[in-house]
Number of protein chains: 2
Amino acid sequence: MQTNLEVKKTLVFRDKEYKCGIEVTLAVIGGKWKAAILYHLAQQTMRFSELQRYFTNTTRKMLTQQLRELERDGLVHREVYPQVPPKVEYWLTDEGRSIKPILDLMCEWGVGHAEK
Amino acid sequence: MQTNLEVKKTLVFRDKEYKCGIEVTLAVIGGKWKAAILYHLAQQTMRFSELQRYFTNTTRKMLTQQLRELERDGLVHREVYPQVPPKVEYWLTDEGRSIKPILDLMCEWGVGHAEK
DNA sequence: CAGTATCCCACAGGATACTG
DNA sequence: CAGTATCCTGTGGGATACTG
């Protein structure tokens, strides 16, 4: 007996091996705030301070870190406007927008599950 | 200016507050192996040793732990057959099956993302 | 405003051994 | 077969302070 997955080849993503796409997806959006960040940016472009205003329980460091990782993974674009005071905006790339259906489903399911 | 999320009420799930459904969903399936376990059980009922055979990089302890948490969260049913040697089967509850569309999307997206 | 730089710790997850 | 029981470690994430 074997499952569908057992016949699939392993995936490689950033030098690590994954046995199925789900693991890759979790590696990308599994961070504590990442999915929520993406969900927000899916609604609109935001600058750093706006994200900070929403994620009041998060430190600047964590926000920065998670945003950089999302940028590295190609989901988020970071635009720095060379001015004083600094202005940095974040928005989703095409790749980032491609994950929106998942986020929408996750949001919906989570709301339903919490109600029980 | 505010996003859709900022006008929503917070969700409560297992005595913790969450600002959106996504966070709840991640709290449930965000464990290192949980999503993959659910994905497998969505294909078929499996006994512990079968899961172990697939998750070769996971310890018994971790498998047990994650399965118990999924059981506690109402996604997985654990059936113990009182016999020697013991036999324990796991399968998804209705609630567990309700998350399958998300898993399918995550799997698909992950495969696509890894290819780049 | 939008970040680094340090220092720190809890806890998720792992290794190994034992058991009904 | 399907687990516990112990002990241990890495690192994800936090607190605080400094900066271009």
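Just so it is clear: chains get the letters A, B, ... in the order the sequence lines come, proteins before strands, and each one is counted from 1. What's counted below: heavy atoms across the whole structure, side chains too, no hydrogens, waters or symmetry copies.
- Contact annotation: A/Lys61 does not reach the phosphate of C/dA2 (side-chain N/O to OP1 or OP2, under 4.0 Å).
- Listed candidates were D/dG14, C/dT4, D/dA2. Nearest to the side chain of B/Val88 is D/dA2.
- Of all nucleotides present, only D/dG14 satisfies the Watson-Crick or G-U wobble test against C/dC7, with each distance under 3.5 Å.
- Looking at every heavy atom in both residues, B/His113 comes nearest to A/Asp73 through CE1-O, 3.2 Å.
- In this structure, of C/dG3, D/dG3, C/dC1, it is D/dG3 that holds the atom nearest to the side chain of B/Arg68.
- A/Tyr90 comes within 4.0 angstrom of the backbone, heavy atoms only, and of no base.
- Rounding to whole angstrom units, CE of residue A/Met46 and P of C/dG3 are separated by 14 Å.
- Here the side chains of B/Arg68 and B/Glu71 are in contact, with some heavy-atom distance below 4.5 Å.
- Pair check for D/dG20 finds C/dC1; Watson-Crick or G-U wobble, both atom distances under 3.5 Å.
- To the nearest 0.5 Å, atoms CD (A/Glu50) and CG (A/Leu41) are separated by 10.0 Å.
- The CZ-P distance, from A/Arg78 to C/dC1, rounds to 16 Å in whole Å.
- Closest approach to the B/Gln66 side chain among D/dG3, C/dG13, D/dA15 is made by C/dG13 (side chain taken as heavy atoms from C-beta onward).
- The shortest distance between side-chain heavy atoms of A/Val111 and B/Val24 does not fall below 4.5 Å.
- The side chain of B/Thr64 has D/dT4 as its nearest neighbour among D/dG20, D/dG13, D/dT4.
- Spacing between atom CG of B/Asn57 and atom P of C/dA15 amounts to 9 Å, rounded to whole angstrom units.
- Ranking D/dG3, D/dC1, C/dC1 by closeness to the B/Pro85 side chain, first place goes to D/dC1.
- For B/Arg47, a side-chain nitrogen or oxygen approaches OP1 or OP2 of D/dA2 to under 4.0 Å.
- Computed from coordinates, the B/Glu50 CD to D/dC1 P distance equals 12 Å when rounded to whole Å.
- You'll find that the side chain of B/Pro86 is closest to D/dC1, out of D/dG3, D/dC1, C/dG13.
- Once rounded to the nearest 0.5 Å, the distance linking CD of A/Gln66 with CZ of A/Phe55 reads 9.0 Å.
- Under 4.0 angstrom from either OP1 or OP2 of D/dC1 there lies no side-chain N or O belonging to B/Ser49.
- With B/Thr45 contributing its side chain and B/Trp91 its backbone, the two residues share no donor-acceptor pair below 3.5 Å.
- B/Lys87 places its NZ atom 13 Å from the P atom of D/dG3, with the value rounded to the nearest Å.
- Atom-to-atom, CE of A/Met62 to C1' of D/dG12 comes out at 7 Å; the value is rounded to the nearest Å.
- Atom NZ in A/Lys16 sits roughly 15 Å away from atom P in D/dG10 (whole-Å rounding).
- DNA chain C is contacted by both B/Arg60 and B/Gln65; B/Gln65 maps to the nucleotide lying nearer its 5′ end (nearest heavy atom per residue).
- Remark: P of D/dA2 and CG of B/Leu63 are 11 Å apart, rounded to the nearest angstrom.
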